[in-house]
Protein chains: 2
Amino acid sequence: MTKWVYAFSEGNRDQKFLLGGKGANLAEMTNLGLPVPGGFTISTEACNEYMRLENAMPADLMEQVSAARTNLETAMGKVLGDGTDPLLVSVRSGAAFSMPGMMDTVLNLGLNDDSVKGLAQQTNNERFAYDSYRRFVQMFSKIVLDVPGDLFEEAMHDLVESEGVENETKLTPAALAGLVVTFKAIAKKESGIEFPNDPLEQLRFAVEAVFKSWNGRRARDYRKMENISDDLGTAVNVQAMVFGNKGDDSGTGVAFTRNPSNGESAPYGDFLVNAQGEDVVAGIRMTEPLNAMGNTFPECHKELLAVMHQLEQHYRDMCDIEFTIEQGKLYILQTRVGKRTAAAALRMAVDMHNEGMIEEREGVKRVTPAQLDQLLHPQFDPAAKYTVLAKGLNASPGAAVGKVYFTADTAEAAREAGERVILVRPETSPDDLHGMIAAEGILTSRGGLVSHAAVVARGMGTPAICGADALKIDVAGKTFRVDGTVVNEGDVISISGTTGEVVIGEVAVVTPEPTGDFAIVLGWADKIRTLKVRTNADLPEDAVKAREFGAEGIGLCRTEHMFLGDRLPLVQKMILASTDTEEHEALEALRVQQLEDFVGILEAMDGLPVTVRLLDPPLHEFLPNIEELVAKEANGTITDEEKVLFAAARVWQEFNPMLGTRGCRLGILKPGLYRMQVRALMQAACQRKLAGGNPIVEIMIPLIVTRSEFDLLEGWTREEAAKVCQEAGVEVDYVVGTMIETPRAALTAGDIAKTAEFFSFGTNDLTQMAFGFSRDDVESRMMPVYLERKLLPVSPFEELDRDGVGRLVQIAVAEGRAARPGIKLGICGEHGGNPASVHFCHEVGLDYVSCSPYRVPIARLAAAHAAMDSTGPGTNA
Amino acid sequence: MTKWVYAFSEGNRDQKFLLGGKGANLAEMTNLGLPVPGGFTISTEACNEYMRLENAMPADLMEQVSAARTNLETAMGKVLGDGTDPLLVSVRSGAAFSMPGMMDTVLNLGLNDDSVKGLAQQTNNERFAYDSYRRFVQMFSKIVLDVPGDLFEEAMHDLVESEGVENETKLTPAALAGLVVTFKAIAKKESGIEFPNDPLEQLRFAVEAVFKSWNGRRARDYRKMENISDDLGTAVNVQAMVFGNKGDDSGTGVAFTRNPSNGESAPYGDFLVNAQGEDVVAGIRMTEPLNAMGNTFPECHKELLAVMHQLEQHYRDMCDIEFTIEQGKLYILQTRVGKRTAAAALRMAVDMHNEGMIEEREGVKRVTPAQLDQLLHPQFDPAAKYTVLAKGLNASPGAAVGKVYFTADTAEAAREAGERVILVRPETSPDDLHGMIAAEGILTSRGGLVSHAAVVARGMGTPAICGADALKIDVAGKTFRVDGTVVNEGDVISISGTTGEVVIGEVAVVTPEPTGDFAIVLGWADKIRTLKVRTNADLPEDAVKAREFGAEGIGLCRTEHMFLGDRLPLVQKMILASTDTEEHEALEALRVQQLEDFVGILEAMDGLPVTVRLLDPPLHEFLPNIEELVAKEANGTITDEEKVLFAAARVWQEFNPMLGTRGCRLGILKPGLYRMQVRALMQAACQRKLAGGNPIVEIMIPLIVTRSEFDLLEGWTREEAAKVCQEAGVEVDYVVGTMIETPRAALTAGDIAKTAEFFSFGTNDLTQMAFGFSRDDVESRMMPVYLERKLLPVSPFEELDRDGVGRLVQIAVAEGRAARPGIKLGICGEHGGNPASVHFCHEVGLDYVSCSPYRVPIARLAAAHAAMDSTGPGTNA
């Protein structure tokens, strides 16, 4: 006989695949002797068996549930359905990985015509009991019996009318008792099932409903998006209910063993007297800080602190704990490793390491690359002078400046019109999500640090201030007041989610130079990772900055950036040249300029490799806008000079520039161009070498589709380089390689690697071509629709698409290495700074990633995570 | 001891890998007892051993050559280097596959200071002997000793000056003898090698030179382009020389066992008295037809006809024979299966089958798909009235109309300017190739049916008339005269390469409906092929036409073509719609129109599958040109109506439309659009079904990149189709599939096939995206450069690129079939009508190809060839 049901005392935290995450933690706490309301868990195996049997309950399951119920009743000293002091239970789903809100929950199970009386008696509150009963019937019918919810709303509405009361909170216990009868009748009519009075039958229905919800549409979509296997199944937790709203001797709260905002090693949390858990999270009522509980509930507070210490020591991490006090007795309802800000994660990692709780490797795992990203967010300039208008809770770090908007819709519209927006709300709800996404910063007048606004903002890395209760917000009037000051829609304010300060007008913001904990944790990461991290830098100052951030070379130096600005006329001269001599002169002038740039870059990266990409963009990018010239020609204001440029622009005009005459195609059409660039680069390298430097040069030919292109251009490159070295009288080593940025190059990489000495994956273009998505066009018009409709889980420009683009990379890596075992492989697309993509790069065995200077620390950390073979964004996920 | 050397009598025609193609055929003819000048072949194995030894002669090779030489001398009754009647030999390369002009040849080997006297005595022509000797020294030094050729030209030029003669043909024998001494001195100075007098040493040098030429740059490039393995090596043929220019009792010619132009079963050829083989091919002198030889050389003619009959019976195919008569004796120098026109190929295949010479399968092999293409070329309209200005040889079939140009450069320039061109030349040479490519037709006043102009034109499928000697051409004066009529550059003429007629002005041309032999051979092909052939057709009339050509359904019906013309305002109305009602009204009007089209197409293809692709192009293609509107706005001529269209065009404007909002992306953005199209199509199908027809509908969703897109749109499609069938009260089966036209779709085909019922490979877009080549931009600007520089062997838009695009197709086929074993797979890019690509489609196991109506016969034949697993374009290659 298979064991399907586990009392909390029978499990432990390592059994999340059997008992689900919630069940495993409840078991762990029970075995630690903590005051957890009793209960049991029906295993994920039972769920899987249920599905294997095509929605039939496994043999013996209900017998085991019945036995577990009896044990629970014995332990709790209460009986389900009892007419005097009934046991009520919650039935909650709990899978191995958190799937918030995706599956079903039934509360207050065990209520029936008898036990409602017991509840009334126990709570001395008949209205509360019958309201709970009608809520249970309503919830159960909707979730378990699939009855449309609006039927109940209508019935209640009718009753409110016929009773002549203001709203449903004014209904009498008798009226509510009548409503229960009505609700049961509706349920029977719609489902054909008599509403079950027997608690065991209620349990059976509820368990089946949770099982079925595993394969509900929402849950399946969510798993697909999050890459969670459909085979895992969900566990079902049946737990005795406790009530924090039984009077002033009751209460509920959320506690963190350390400060999740700044990492400080001190208990932290929110508490509400005579309230239910939802009230804390919803931010509807102002919470008290946790230490205030020491005054009102001294014993419970002391006990809670002990529990918190025990849990942190046990989990060796900051724990997030939900607790309830029912009539003076403390219950721990749930615990899990808590979410935290970037700064807090770093500080906790370093502190806990110093406290001997964790190893360095564990410390690195405790900080996610995405958190580092937040840490690099801007802050108010410390030198800036400003007057603080109001102060709230520092809910999500970082500073933001923008125009005030009071609704999600207006905020979104303003953002689409190109404005920077601060969303100001009394509180936020899931309905406000699109406005929160559109905002640079979020400011609420109500709610605490675990309110919706705070949690979501931290998750998005958006600066937020919560509970700034000095603000009197008039959403309809599109205004808020702080004492005598009025701020209207469209006015500019600045907020610091790090300090909680609200300021009228624009405050200068700066991006901090992270030190201390940041450097310590990244130092640990560097010891762990095997993937090198380079930077994309086109200018000497970028190279200097990136080196400070830990870059180990340049993976992509785009030489086209050197062609812009005041050098543009030279480029135009080259394009317009009607003779070889003119072209040569223009190229020569450009060479002198490029030489200077290259010397600076090689100096900044002395001793580290520098990959220089020969000119890539279409020439027409260096020519004037055709439409402007068309207009000028039409209205007769075109100059003779412009006419010449116009003609040239016409010659180089293309229908699809992205797939046009760019990269090595241009190099082939204008042989003098690449030779000039190679000459400038190698002259710079020779200069550096003669000056005692150690230039390490990698010359990269872009947009190869076939080896013959590479061979031709590599030949020119080596010819020119040899000449330069001979002229300079010095030998400079260099390698010649290519970008793999067309699907064909990836598919024929084995051939190309016969002559190319390195590959750098240009995953931006590879993504554009593999998907047929022009970044300029599709990202704005299509991507929001695709993400909203869940046609794609994430933009492939943000996170490397494993199935398509990733497969091309894998093919090229395998076949490139087979053809040339020592070939150096890197990535220089923007994915090089995206943690999930860095993970992929590690998996497929690249030698390095290259990213923008500010993302170098993120890539270093992500590479360490990848090396530790963590399968996601860290243990805090 | 390895046998390296084979006397001609020791080999046969099946040994082309050992003896090369030329050697194998010489051996075959020798064993047939034909009068082949004696000789021997050094095997390809010897060449490979030479290369394996890193350019050292294999052991025993020269001993075997020496023995073969002695045998040859015995057989010929002459001795190499003999001072009275010397044997001279040619040394020619000969690989398994023809590599024309790619490797080296040495003629007149055996000449030295002694044998030159013997040659003078034998020919009674001292000048001829010494001129031959200096030519031999010059050729040998250049080819074998690597001496720069211009040194000899300079020395000869100096001698001509110092002798005070007009040109080198006026040099005396004594002067030529002196020149030989000078040449040998140059050779020694440059190469450090004493010019070899010993014929065996000459032979050794020459054989080594041929071996080395196998790995020469030109030969390697050629093999790469033609996909010939580098491991094959070349054989070396040493053959006694005979001379057709020893007087009026000598001559040379080329004979075909049947007429290579029209296939008539009668001997055919060209002959020249007192001439060498080159003179016939070069077209410098007017040749006599073969039957004229019956008068001048009756015995030889009779013998030749017997040889021709014997060879045709033996090879069971039309043979192309080179022969020489030396002082009254006929020699057969070479034979091979001859090239022929399309019409000739068809006629020969049918005739030879009727004559019992070949099986049907062999008959199908005898006609190449490329030839059928020629056959479908236009001809003068039989109903047209015109006056023939002149008549020449019908060198390459088809009719052409264009403006007269007299040089390759002017022809090319005119073509680039958009004109249709007839290239008119006295004769053509390889230097004229670019002009010939640019021309619609070619007309020469000199040269026969095997002249350069004729051979090249037939190869290109370009209509050509050769040897129209009534034309008096003045290239410098840019004019030609025929009697009193003058035709100037730029005048329009018409030519028929089928009849040889030249006409002033434009003659109407028609594309013939091939029947007879054409239908017979294609009937045979249909029995052999396994690949189905469908057509791309958007209109009922195209569908009818294609069905006549043998199409077995429609592989691609592009619905966007139905949106153009007078329906454009409806489309614009839909785009501009500001309310759902407006959009719906516009869509409804379009639906009515589409319904009509679909009924017509389903009727034309009744009982055969019709794949309808939902709308694919970007919407902005249906909007006016932005630049025109910019100009109108700038000069104030824009109308209010245009302003509205302008605004819409701006909204839909894209940087890279090819990678923009098209295909299913548009379908997702405008859900009403695809629903309307599905509705119209299914309504048409219901109508047809109710009318007793058998509509077979395949609905194709374009530009999928991920299965979720497909699933969404397939859902809409099935919803709409079900509604339509219900409304019509009739069940119509249909399938829903997708184009695989993005690299990502190919790479994730295994997933997409879980729901898609068929794949149609859109290899045009797949090529654009795999290469990153915008067809609109790259084909004109880059492709000519790429082909010229041999960066690509052929345009990937013309012939499917196996390594890149082909690999994507293979991945999708394998993984699509694995996911859905019965999935229907086809191709609907333009490659579907390209023979090499059809071959690929057969190899990878597609179910069908789809191509334009006129290419259907070509695809049918190509599919048969593929099924017979021929590795190239047929046995005539």
Side-chain angles (χ1 to χ4, degrees), chain A residues 224 626-628 630-637 654-663 665 668-669 703 705-706 708-709 712 741-748 751 765-778 781-782 785-786 789-792 796 801 803-805 807-808 811, chain B residues 224 626-628 630-637 654-663 665 668-669 703 705-706 708-709 712 741-748 751 765-778 781-782 785-786 789-792 796 801 803-805 807-808 811:
Chain A
K224 197 172 161 191
I626 284 201
E627 281 188 18
E628 282 173 21
V630 166
K632 284 186 175 182
E633 194 184 45
N635 64 22
T637 61
E654 297 193 302
F655 292 95
N656 297 287
M658 183 53 55
L659 307 178
T661 309
R662 40 181 292 247
R665 298 168 200 170
I668 290 166
L669 283 185
L703 213 70
V705 297
T706 178
S708 50
E709 293 172 317
L712 177 71
E741 52 184 333
T742 64
R744 191 179 193 277
L747 293 162
T748 59
D751 193 35
D765 275 10
L766 214 44
T767 301
Q768 295 199 84
M769 293 179 202
F771 280 83
F773 278 177
S774 161
R775 203 165 179 173
D776 294 326
D777 303 309
V778 167
R781 200 196 306 272
M782 295 302 311
V785 181
Y786 268 54
R789 284 194 178 270
K790 299 204 166 49
L791 298 175
L792 289 170
D801 160 58
D803 295 344
V805 177
R807 186 166 181 190
L808 288 173
I811 288 171
Chain B
K224 196 173 162 191
I626 284 203
E627 282 189 17
E628 281 172 21
V630 166
K632 282 186 176 181
E633 194 183 47
N635 64 23
T637 60
E654 298 193 301
F655 293 95
N656 296 287
M658 182 54 56
L659 307 179
T661 309
R662 40 181 292 246
R665 297 168 199 171
I668 289 166
L669 284 185
L703 213 69
V705 298
T706 179
S708 50
E709 293 172 318
L712 177 72
E741 53 185 332
T742 63
R744 191 179 192 278
L747 292 163
T748 59
D751 194 36
D765 275 9
L766 214 43
T767 301
Q768 293 199 89
M769 293 179 202
F771 281 82
F773 279 177
S774 161
R775 199 163 182 176
D776 293 327
D777 303 309
V778 167
R781 201 196 305 272
M782 294 302 310
V785 181
Y786 268 54
R789 284 195 179 270
K790 299 202 166 49
L791 297 176
L792 289 170
D801 160 57
D803 295 343
V805 176
R807 185 166 181 189
L808 289 172
I811 287 171

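Heavy-atom basis, side chains included; hydrogens, waters and symmetry copies ignored.
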Between B/Leu712 and chain A, which part of the residue has a heavy atom less than 4.5 Å away: side chain, backbone, both or neither? side chain
Side chain, backbone, both or neither: which part of B/Leu766 has a non-hydrogen atom closer than 4.5 Å to chain A? neither
Walk me through whether B/Met769 and B/Leu659 qualify under side-chain contact (heavy atoms from CB on, under 4.5 Å). CA-CA 9 Å; B/Met769 293 179 202; B/Leu659 307 179; 4.2 Å; yes
Side-chain (B/Glu709) to main-chain (B/Thr706) donor-acceptor, under 3.5 angstrom: yes
Bottom line for B/Ile626: the part with an atom under 4.5 Å from chain A's heavy atoms is side chain
Side chain, backbone, both or neither: which part of A/Leu703 has a heavy atom under 4.5 Å from chain B? neither
In terms of heavy-atom pairs under 4.5 Å with chain B, the winner among A/Gly804, A/Pro796, A/Gly772 is A/Gly772
Choice from A/Gly663, A/Ala634, A/Ala745 maximising heavy atom contacts with chain B below 4.5 Å: A/Ala634
Checking heavy atoms, do the side chain of B/Arg662, its backbone, both or neither come under 4.5 Å from chain A? neither
Give me the atom names and distance for the closest heavy-atom approach of A/Arg665 to B/Phe771. NH2-O, 2.8 Å
Nearest-0.5 Å distance that lies between atom CE in A/Met782 and atom OG1 in B/Thr661: 6.0 Å
Pair count under 4.5 Å, heavy atoms only, with chain B: among A/Asn635, A/Thr742, A/Val705, A/Leu791, highest is A/Leu791
The criterion is salt bridge (charged side-chain N to carboxylate O under 4.0 Å, His left out); which residues satisfy it with B/Glu654, sequence neighbours excluded? A/Arg781
Highest number of heavy-atom pairs under 4.5 Å with chain A among B/Gly636, B/Ala746, B/Pro657 belongs to B/Pro657
For A/Arg807, is it the side chain, the backbone, both, or neither that has a heavy atom closer than 4.5 Å to a heavy atom of chain B? side chain
How far does CD of B/Glu627 sit from CD of A/Glu633, to the nearest 0.5 angstrom? 10.0 Å
In terms of heavy-atom proximity below 4.5 Å to chain A, should B/Asp765 be classed as side chain, backbone, both, or neither? neither
To the nearest 0.5 Å, tell me how far B/Leu808 CG sits from B/Glu741 CD. 13.0 Å
Checking A/Asn656 side chain against B/Met658 main chain: does a donor-acceptor pair fall under 3.5 Å? yes
